[in-house]
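Have a look at the structure below, then the notes.
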Amino acid sequence: MDTSTPSAQGVDAAGISAFLDAIESDPGIEPHGLIVQRHRVRIAEGYWAPHTGDRSRLVYSLSKSFTGTALGLLVDDGKLSLDDLVSDHLPELFEDATPDATRRMRIRHIASMASGHAAETLLDAALADPDDPVRGFLTVPPDAEPGTLFAYNQPPVLTLARILQRRAGERLVDLLRRRVLDPIGAGEVRWRQLAGSDMGFSGVFTNLDTIARLGQLHLDDGMWNSTRVLPEGWVAAASSVQTPNGDWDQIDWQQGYGFQFWMSRHGYRGDGAFGQFMVILPEHDAVIAMFSHTGDMQAVLDALWEHVLPALGHDRDVDDGGDAALADRMAALTLPTAAERLGGRAPTGIAAAQFRPSDAEPSHFTVTGVETDERRMAINEEEESFSVPLTEHWTVDGSIAASATRLDDGRVAVDLSFLHTPHRLEIELDPATGTFVARWPLVPLFGIGADHRLAALRSLPD
């Protein structure tokens, strides 16, 4: 994608810098990557080391926007209609005991969070049929008529993904690669499967450049370099309110839901748990893509609206004085190391030792033991084991980045960033007691794209 300076595209670089200030100073936000595009060119891009732009990582529910894109293709192909009944495409899963309201459920309902259920049904679906959560979902009675009630709900999207895969005759990731991703120059995209199909509601692994390109494709109404990639009219339908949801508790989650897109106070967006964003701003001809690790996604959007939105409020004739400083800053972004986070010193003189789980505090449940020597730490999960370096600065070893520090009381703290995910694990070793604790600042959504075993968490899906 072509690049430019902010000022050349009528953007005040100071606004982007102020956004960086805001998210870096918020202890609840750990930023990983940011791309800003305007007028079809990229004006800012940077990654907080040890994260980089070339690595695919789990985007959680931002995957839904990929599912919605596939839906648009197949509707245009005539493979299905938004008004088709779900039972038209999965007749073998409908039985005599299937709830009557479920029999009235249509494609548009499961594509717009309007299945009629009042709350998340993922656990109910899994309990009803552990082998096939789609079949399980179709046994869970809706609380209202489909199309009349919003609930952010995963099994309807899994159901949609199965229908789309069946109608396409191929995996959704393969359909999208051929029809969308290759034409827009996107990089690697992998999709974790569940019950025989791409997950639909989660499980996409890709890089931030791909998110920004997909956002640009939607901003440009499905056109890419004068070539139509998405059907005419699909973006308008997907990015308009299909299901109202004004009673949600955060303002940017109260603006309505489209076809696998959230409406926002400004523009619309795809997003995923822990702060994965594709924000599309038609009124400003801009796209903002961001990866992060946060439990307060509203705070990220608040900072965008406060700082970046005013910076986009220009057309041209913006002073270029801040461009170079912003570019330098974006090139040097880094996350605090364990030593910087905790105020410790270099992890020197660590003796060879074995550590057992602490009895006083629960730890990540798969880790059965930790071993150290002067240079590395091995993490044991019963029969599986992997090791990471013990260095003060971030050191990337495969798909894990580690930094370590020795605290004043002799404990050793190690931060592990699992670079294929948004997640960071904090391990604390206590030589005095021979014990360790492994803590997640934010516990991953295990089973929703993330594997609970650390050894598997390091890998991409097939």
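Numbers here are sequence positions counted from 1. Keep in mind that what you see is a predicted model, and the values were worked out from it rather than measured.
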> Would the number of heavy atoms belonging to other residues, nucleotides or ligands and lying under 6.0 Å from CD of Gln250 be above 12?
Replying inline: yes
> Can you tell me if CG on Asp328 sees more than 12 non-hydrogen neighbours from other groups inside 6.0 Å?
Replying inline: yes
> Can you list every ring-ring contact (aromatic ring centres under 6.0 Å, His included) pair that touches residues 173-218, not counting sequence neighbours?
Replying inline: His218-Phe261
Can you see whether [X] engages [Y] through a side-chain donor-acceptor pair at a distance of less than 3.5 angstrom?
X      : Y      : value
Ser7   : Asp323 : yes
Glu188 : Ser56  : yes
Asp124 : Thr121 : no
Glu120 : Gln154 : yes
Gln9   : Ser4   : yes
Asn225 : Thr227 : no
Thr366 : His364 : yes
Asn380 : Ser385 : yes

Excluding sequence neighbours, so at least two apart, what forms ring pair (Phe, Tyr, Trp, His ring centres under 6.0 Å) with [X]?
X      : result
Phe259 : Trp234
His393 : none
His284 : none

>> Show every salt bridge (Lys or Arg N to Asp or Glu O under 4.0 Å) that has at least one partner inside residues 284-304, sequence neighbours left out.
In response: Arg265-Asp302
> Within 45° of the axis and under 6.0 Å from the centre of the six-membered ring of Phe386, does NZ or CZ of Arg458 qualify?
Replying inline: yes
> Under the 6.0 Å and 45° cation-pi test, does Arg269 pair with Trp253?
Replying inline: yes
Hey, are [X] and [Y] close enough for a salt bridge, meaning a charged N less than 4.0 Å from a carboxylate O?
X      : Y      : result
Asp209 : Arg213 : yes
Asp129 : Arg135 : yes
Arg40  : Asp220 : yes
Arg228 : Asp221 : yes

>> Set out, in order, the CA-CA distance, both residues' side-chain angles and the distance that settles side chain to side chain contact (heavy atoms under 4.5 Å, CB included) for Leu85 and Ile107, then state yes or no.
In response: CA-CA 6 Å; Leu85 293 168; Ile107 297 296; over 6 Å; no
> Does Arg179 have any salt bridge (charged side-chain N to carboxylate O under 4.0 Å, His left out) partners at least two apart in sequence or in another chain, and if so, which?
Replying inline: Asp77
Residue pair [X] / [Y], side-chain heavy-atom distance below 4.5 Å:
X      : Y      : answer
Leu20  : Leu326 : yes
Ile110 : Ile163 : yes
Met278 : Leu214 : yes
Leu335 : His51  : yes
Ile43  : Ile16  : yes
Leu93  : Arg162 : yes
Pro231 : Val75  : no
His293 : Ile29  : no

Kindly compute the distance separating [atom1] ([X]) from [atom2] ([Y]), expressed to the nearest 0.5 Å.
X      : Y      : atom1 : atom2 : value
Ser17  : Glu24  : OG    : CD    : 10.0 Å
Ser87  : Leu138 : OG    : CG    : 9.5 Å
Arg424 : Ile400 : CZ    : CD1   : 14.0 Å
Glu95  : Thr102 : CD    : OG1   : 12.0 Å
Glu306 : Phe19  : CD    : CZ    : 11.0 Å
Ser292 : Met297 : OG    : CE    : 7.0 Å

Under 3.5 Å donor-acceptor, [X] side chain and [Y] backbone:
X      : Y      : answer
Thr206 : Val189 : no
Thr294 : Glu30  : no
Asp143 : Ala118 : yes

>> side chain to side chain contact (heavy atoms under 4.5 Å, CB included), that's the test. Do Met290 and Ile23 meet it? Break it down for me.
In response: CA-CA 12 Å; Met290 183 174 173; Ile23 59 176; 3.7 Å; yes
> With a 6.0 Å cut-off on ring centres, are Tyr60 and His423 close enough?
Replying inline: yes
> Under 6.0 Å between ring centres, would you say that holds for Trp262 and Tyr152?
Replying inline: yes
> Is there a side chain to side chain contact (heavy atoms under 4.5 Å, CB included) between Phe277 and Leu304 once you walk through the steps?
Replying inline: CA-CA 11 Å; Phe277 289 100; Leu304 277 178; 5.9 Å; no
